[in-house]
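Chain letters run A, B, ... following the sequence lines, proteins first and then strands; every chain starts at 1. What you are looking at is a predicted structure, and each value in this text was computed from that prediction instead of being measured. Below, each value reflects all heavy atoms present in this structure, side chains not excepted, and no hydrogens, waters or symmetry copies.
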There are 2 protein chains.
Amino acid sequence: MQVRDLIGERLRENLKSSLSELHELVARSLGDYGQRYTTNRRLLVEILAAATKPLGISEITVSGLGSDRNLPVSSTYRNLAILEECGVLRKLAGPNEQVRYELSEELTGIHHHHLVCYGCGRVDDFSLGYKLEKAIGDAVRAISHEYNFQVTEHRVDFVGRCIVCVG
Amino acid sequence: MQVRDLIGERLRENLKSSLSELHELVARSLGDYGQRYTTNRRLLVEILAAATKPLGISEITVSGLGSDRNLPVSSTYRNLAILEECGVLRKLAGPNEQVRYELSEELTGIHHHHLVCYGCGRVDDFSLGYKLEKAIGDAVRAISHEYNFQVTEHRVDFVGRCIVCVG
DNA sequence: ATAAGAATGAGACCTATTCTCATTATATGG
DNA sequence: CCATATAATGAGAATAGGTCTCATTCTTAT
């Protein structure tokens, strides 16, 4: 695969040395909302932490348990929603209306954006340079003021076709 | 409503004086794909041209015909998809996974971005300054090259809460 | 006008997500 | 530790947004 995911790899390495730290952060986030950090939820967090890109529901449930059993659908939906509410995960919509989840930036500390392929629906991470991020931050403040809108997050997605789909 | 939509208004005024021009452009786009520009499709285009923001399916079908009758669901979906394929419309996903459509920028000539409210799901248009757009354009080119990805479109959405939902 | 092909729209169908509820796990106080 | 209360689980039913089918209607070209 030519489209590499450097950020994802960095994150993965980071996490390898600090999975327990991640779990601790998540546990605290959940605790703030009176939620428990159960086996299932830990599993979801680990799956998403190991991924180098936002994952769709089916990718999550299938990869979840051993080779035969899948994660139960209803619990997965429920837990993903709860984890999102507690600020642990972020939900995003790819093309094809496929819903995807990733660890929140608040948790990973790695601000990034998405490359969305309209051909295959693949979504990858990338990051912008410091200057551009700063300029966007300024714009956020201006717009926030001008439109009387409290901006909590900005999304910059580049949409197009990955090298596989371009042919 | 405090959150005004200046772009939408500008567009609307523009269109008032040139609806026929718009229809001509759409007809040509459809023609290129061997599609007809039927009454139904004209209606969809006019609904979206009159809107000051991307519309969800239900908003489209309900506003479509007289006070009693709604636009038929199946035809609406089909036609929206066709209009999108022909480059007349752009489909985007708000929060709540609600799908929304707007006239393509290629058609309106007005490049803009979106303010997405997580409270009520409302989506409004806004535009960035020239300098920032240029910087983003540069980034697109760099990323395109670095990731071997053909970027055809960039999306900059600011997500948060509108003044109504902030309370 | 007529024939050929598109578009239409009602409703069946499909599928992703949510809901329900009986069961199981977890935490806490005695 | 046990008992109890409460939360989480997961199988399957229910729902809803979206797609498909097909008989009918509209277009377009001859």
Side-chain angles (χ1 to χ4, degrees), chain A residues 23 26-47 54-66 68-86 88-89 91-101 121 123, chain B residues 23 26-47 54-66 68-86 88-89 91-101 121 123:
Chain A
H23 282 313
V26 174
R28 199 175 313 150
S29 298
L30 285 169
D32 290 347
Y33 287 81
Q35 293 285 349
R36 294 172 183 171
Y37 196 23
T38 62
T39 319
N40 241 311
R41 293 172 187 180
R42 293 175 80 89
L43 190 49
L44 291 177
V45 167
E46 291 191 5
I47 290 169
L55 296 183
I57 302 286
S58 57
E59 291 172 297
I60 294 171
T61 55
V62 168
S63 73
L65 303 171
D68 45 347
R69 285 178 359 96
N70 290 353
L71 276 174
V73 185
S74 56
S75 306
T76 302
Y77 275 104
R78 194 179 332 104
N79 284 328
L80 289 172
I82 287 167
L83 288 166
E84 192 204 1
E85 272 168 35
C86 298
V88 174
L89 304 184
K91 178 164 74 172
L92 51 113
N96 335 331
E97 282 89 76
Q98 197 184 13
V99 170
R100 288 170 181 275
Y101 283 91
V123 178
Chain B
H23 281 313
V26 174
R28 199 174 315 151
S29 298
L30 286 169
D32 290 347
Y33 287 80
Q35 292 287 349
R36 295 173 183 172
Y37 196 23
T38 63
T39 319
N40 242 310
R41 294 173 185 178
R42 294 176 79 90
L43 190 48
L44 291 177
V45 168
E46 290 190 6
I47 289 170
L55 296 182
I57 300 288
S58 56
E59 293 172 295
I60 294 171
T61 54
V62 168
S63 73
L65 302 172
D68 46 346
R69 285 178 359 95
N70 290 353
L71 276 174
V73 186
S74 56
S75 305
T76 302
Y77 276 104
R78 194 180 329 106
N79 283 328
L80 288 172
I82 287 167
L83 287 166
E84 192 203 2
E85 271 168 36
C86 298
V88 174
L89 304 184
K91 178 163 73 172
L92 52 113
N96 336 331
E97 283 89 76
Q98 197 184 16
V99 170
R100 289 170 180 275
Y101 282 92
V123 178

Pairwise side-chain contact, A:Tyr37 with A:Val45, heavy-atom cut-off 4.5 Å (strictly under): yes
Sub-4.5 Å side-chain heavy-atom contact between A:Ile47 and A:Leu71: yes
Phosphate contact (C:dT18 OP1 or OP2) by A:Tyr77 side-chain N/O below 4.0 Å: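 Indeed not, no polar side-chain atom of A:Tyr77 lies that close.
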Heavy-atom closest contact ([X] atom, [Y] atom, distance):
X       : Y       : result
A:Ser58 : A:Gln98 : OG-NE2, 4.3 Å
A:Arg36 : A:Leu30 : O-CD1, 3.8 Å
A:Cys86 : A:Gln35 : SG-CG, 4.2 Å
A:Val88 : A:Ser29 : CG2-CB, 3.8 Å

Distance in angstrom units between [X] [atom1] and [N] [atom2], rounded:
X       : N      : atom1 : atom2 : answer
A:Arg42 : C:dA25 : CZ    : C1'   : 15 Å
B:Leu80 : C:dT8  : CG    : P     : 11 Å
B:Leu43 : C:dT8  : CG    : C1'   : 14 Å
B:Leu44 : C:dA7  : CG    : C1'   : 13 Å
A:Glu84 : C:dT17 : CD    : P     : 13 Å
B:Glu59 : D:dG17 : CD    : P     : 13 Å
B:Lys91 : D:dG18 : NZ    : C1'   : 10 Å

Five-pair end axes of the helix from C:dA1-D:dT30 to C:dG30-D:dC1 and the angle they enclose, rounded to 10°: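 For the helix from C:dA1-D:dT30 to C:dG30-D:dC1, the axes at either end differ by 40°.
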Protein-to-nucleotide contact annotation, 5' to 3' order, nucleotides 7-14 of chain D [B base; S sugar-phosphate only; - none; under 4.0 Å, heavy atom]: SSBBBB--
B:Lys91 NZ to B:Ile57 CD1 distance, which is reported to the nearest 0.5 Å: 8.5 Å
Counterpart residues, side-chain hydrogen bond (donor to acceptor under 3.5 Å, both in side chains), relative to B:Glu46 (two or more places apart):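 Scan of B:Glu46 (side-chain hydrogen bond (donor to acceptor under 3.5 Å, both in side chains), adjacent residues dropped) gives B:His23.
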Listed pairs under 3.5 Å, donor-acceptor, residues 72-82 of chain A side chains, sequence neighbours left out:
unit_1  : atom_1 : unit_2  : atom_2 : d
A:Thr76 : OG1    : A:Pro72 : O      : 2.7
A:Asn79 : OD1    : A:Arg41 : NE     : 2.7
A:Asn79 : OD1    : A:Arg41 : NH2    : 3.2
A:Asn79 : ND2    : A:Ser75 : O      : 3.3

